[in-house]
Amino acid sequence: MTTTRADERQQHPVAPDSTHDVTNQPPPLTPYDPSDDSALLEGLRREGAGWAEEDLRRLGRLAGSAQVQEWSDQANRHEPELRTHDRYGHRIDEVEFHPSWHHLMRTAVADGLAAAPWADDRPGAHVVRTAGGLVWGHTDAGHGCPTSMTYAAVPALRRQPELAKVYEPLLTSREYEPGLRVPAGKRGLLAGMGMTEKQGGSDVRTNTTAAAPTAEPGVYTLRGHKWFTSAPMCDVFLVLAQAPDGLSCFLVPRVLPDGTRNTFRVQRLKEKLGNRSNASSEPEFDGTVAWLVGPEGQGVKTIIEMVNCTRLDCVMMSAALMRKTLVEAGHHARYRSAFGARLVDQPLMRNVLADLALESEAATTLTLRLAGAADRAVRGDAGEAAFRRIATAVGKYWVTKRGPAFTAEALECLGGNGYVEDSGMPRHYREAPLLSIWEGSGNVNALDVLRALGRDPATAQALFDELALTRGADARLDAAVAGLKDQLAEASQASARRLVERTALTLQGSLLVRHAPPAVADAFCATRLGGDWGHSFGTLPAAAGVDAIVGRALPEHG
């Protein structure tokens, strides 16, 4: 009797989907709590904002929920679309967003991540916002742009008290009300910025947008074309333009007080590497009505406080992105096995995770120190204002520079799984370079540090006063401080990056020696300051307390 293949299949049945059994893959990370971070919570308390810890933990649980993580994914998959005209041919210049974008924005504004701290008299209010950004930054980075600009617009607007009286209560509101309507009639406003132009970029003094005064005092009309104006759906914009007495700052509303649309022609939305959920545009001004902010000819001076705010947010978002991708890498390593053991138990992988954890904690600790300085500077502390001036530019240069390399290493921890879009890691990787470009690229910030140290002795004094707090605590740190002083004496434009890098590492080392556990501080000083390190992550020395570092940063993996 002959046996057929059909008979064989009956004798040895095979499940039709057996080839698709999934093993050795991690479960979804969500839900998780981004606020479950020792460095973050310790820094929050240390910088005088411990009173907000319960709210921060609530925001963390929300940020790591499956629903909010899905909002983040959808906001990036369904990118904003520009509608220049309605069906009848009328110019409308509106940008349409996916509902998930609005869900994210509504939560961010309600939790005070826009301009709310300027209306909060409690010490530490600005620290709370930064800590909230470190947590909410685990969602979508794109919507952090309009909240950041709204936050930064308030101190600039205060240069014109009559305008601040009208707009500040709405900018500091916790109400998110999208849609173009008369600003004064809304419950809350968002602000954007239009600074750079195609011929100059960061060299804003070469702007060609012209501002012509009208018969009404303080009111001008603008004509020109801006090269990068993010979030064109905002209600008001701070814009630089050339007035008769030089470069000046102006407030431009999208809708005028009488209800008519101001001329704000959105020529196109930028096709960007990352930050895809956020709309960045090129608007054209032609008879656009604007109100002067600050004196004519002092546009740069008017916006300098705004720049300090947005640079801090660049540091914050880079630190948040580091922490987010570290958590993703640690989660994958906990559940994935290779060569007979979980990845997290493999000594080399633990070295990589520990090295990333050092970088992440240093970034988070510096971010919160900068936020504390900003909070105290706003309240009149001159020493903290001087420290903030130098340290924010240093942090902006260094932490944002470390972001892309960090994110690439975290992605590699997932192997091929990290290279596919479904993992979310490619989106984070594309996002990372933005933070070093926005608000001045590396060279701009390095030169700003050089100018601040050369022109204002108080900034250098504030920096070294800070570093003196750890004198004698670690020989490697002491040597780095001494070397920094020597390097500063010989500083030049060509060596500016080396100077700022050394300043950043020395400052981070000082903060960790003061505030982090011994294993973290020792490993950081040994590698970043002492030179016992390779040229990539995962090259910590054998003496490093890898288990203690991983256990602190990723307690479930300890």
Side-chain angles (χ1 to χ4, degrees), residues 30-31 33-35 52 54-81 94-120 125-126 128-154 167-193 230-237 254-255 275-280 313 316-317 320 324 427 431:
T30 54
D33 181 2
S35 69
E54 184 177 339
D55 284 340
L56 186 68
R57 297 306 298 261
R58 175 191 51 77
L59 184 63
R61 290 189 292 272
L62 182 61
S65 67
Q67 180 185 53
V68 172
Q69 290 295 311
E70 180 65 17
W71 289 347
S72 305
D73 181 66
Q74 290 178 347
N76 281 273
R77 290 183 183 273
H78 303 281
E79 297 177 17
E81 297 182 0
E94 292 191 354
V95 181
E96 295 180 347
F97 291 83
H98 189 269
S100 291
W101 165 274
H102 296 296
H103 294 326
L104 291 165
M105 284 294 303
R106 186 169 292 106
T107 303
V109 173
D111 272 88
L113 303 186
W118 299 108
D120 192 336
H126 294 268
V128 172
R129 177 187 176 271
T130 298
L134 288 168
V135 166
W136 194 246
H138 284 237
T139 62
D140 156 69
H143 78 289
C145 183
T147 57
S148 179
M149 292 187 297
T150 302
Y151 173 67
V154 171
Y167 291 102
E168 185 173 330
L170 297 170
L171 291 169
T172 59
S173 168
R174 291 176 181 248
E175 294 280 345
Y176 173 63
E177 187 179 336
L180 295 178
R181 292 181 287 282
V182 177
K186 297 181 71 173
R187 300 189 306 274
L189 302 178
L190 294 174
M193 299 174 189
S230 282
M233 69 292 174
C234 288
D235 301 284
V236 296
F237 292 80
R254 285 293 311 265
V255 180
N275 206 245
R276 307 284 293 193
S277 68
N278 178 42
S280 298
D313 279 6
M316 173 191 76
M317 285 305 301
K324 166 66 171 175
R427 171 160 62 92
E431 194 69 38

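No hydrogens, no waters, no symmetry mates; every other heavy atom, side chains included, goes into these values.
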Q: Mind listing the closest non-hydrogen atom pair of G60 and V135 along with its distance?
A: CA-CG1, 3.3 Å
Q: Could you grab the distance from atom CE of M317 to atom OG of S148, nearest 0.5 Å is fine?
A: 9.5 Å
Q. To the nearest 0.5 Å, how far apart are NE2 in H102 and OG1 in T107?
A. 13.0 Å
Q. What heavy-atom pair brings R57 and S35 nearest, and what distance separates the two atoms?
A. NE-OG, 2.9 Å
Q.
With rounding to the nearest 0.5 angstrom, report the CG to CG distance, L113 to L59.
A. 6.0 Å
Q) Of D111, D120, D313, which meets salt bridge (Lys or Arg N to Asp or Glu O under 4.0 Å) against R129? A) D313
Q.
Minimum heavy-atom separation for P117 and G112, please, with both atom names.
A. CD-O, 3.7 Å
Q: To the nearest 0.5 Å, tell me how far E177 CD sits from R106 CZ.
A: 10.0 Å
Q | Heavy-atom check, side chain of V68 versus side chain of H103, under 4.5 Å | A | no
Q. How long is the gap from NZ on K324 to CG on L134, to the nearest 0.5 Å?
A. 14.0 Å
Q) Just wondering, do W71 and H143 contact through their side chains at under 4.5 Å, heavy atoms? A) no
Q: Could you pull out all residues at least two apart from E70 that satisfy salt bridge (charged side-chain N to carboxylate O under 4.0 Å, His left out)?
A: none
Q) Within the distance-only criterion (no hydrogens, no angle test), does the side chain of R254 pair as donor or acceptor with the backbone N or O of F237 below 3.5 angstrom? A) no
Q. Hey, are the side chains of L189 and Y167 touching, using non-hydrogen atoms and a 4.5 Å cut-off?
A. yes
Q. With distance as the sole test, does S173 use its side chain to make a donor-acceptor pair with the main-chain N or O of P169 at under 3.5 Å?
A. no
Q. Do N76 and R276 touch side chain to side chain, with heavy atoms closer than 4.5 Å?
A. yes
Q) Do any N or O atoms from the side chain of D73 and from the backbone of Q69 form a donor-acceptor pair under 3.5 angstrom? A) no
Q. So among S72, S277, S100, which one has a side chain to side chain donor-acceptor pair (under 3.5 Å) with D140?
A. S277
Q. If only atom types and distance count, is the side chain of W136 paired as donor or acceptor with the main-chain N or O of A63 below 3.5 Å?
A. no
Q.
Using side-chain heavy atoms (C-beta onward) and a distance below 4.5 Å, is S230 in contact with N278?
A. yes
Q: Could you tell me the separation between the CE atom of M149 and the CG atom of L190, rounded to the nearest 0.5 Å?
A: 8.5 Å
**Q.** Where V95 and P80 come nearest, the two heavy atoms and their spacing
**A.** CG1-CB, 3.6 Å
Q | Heavy-atom check, side chain of P146 versus side chain of M233, under 4.5 Å | A | yes
Q.
Can you classify the ring geometry of H98 versus H78 as parallel (below 30°), tilted (30 to 60°) or perpendicular (above 60°)?
A. parallel
Q. Any idea which heavy atoms bring G179 and D235 closest together, and the distance?
A. O-OD1, 3.8 Å
Q) Hey, are the side chains of E431 and N275 touching, using non-hydrogen atoms and a 4.5 Å cut-off? A) yes
(Q) As a quick check of understanding, evaluate side chain to side chain contact (heavy atoms under 4.5 Å, CB included) for W101 and Q74, giving each step before the final call. (A) CA-CA 8 Å; W101 165 274; Q74 290 178 347; over 6 Å; no
Q | Any side-chain heavy-atom pair of L180 and E94 under 4.5 Å | A | yes
(Q) Quick check: closest heavy atoms across T150 and A115, and the distance to 0.1 Å? (A) O-CB, 3.6 Å
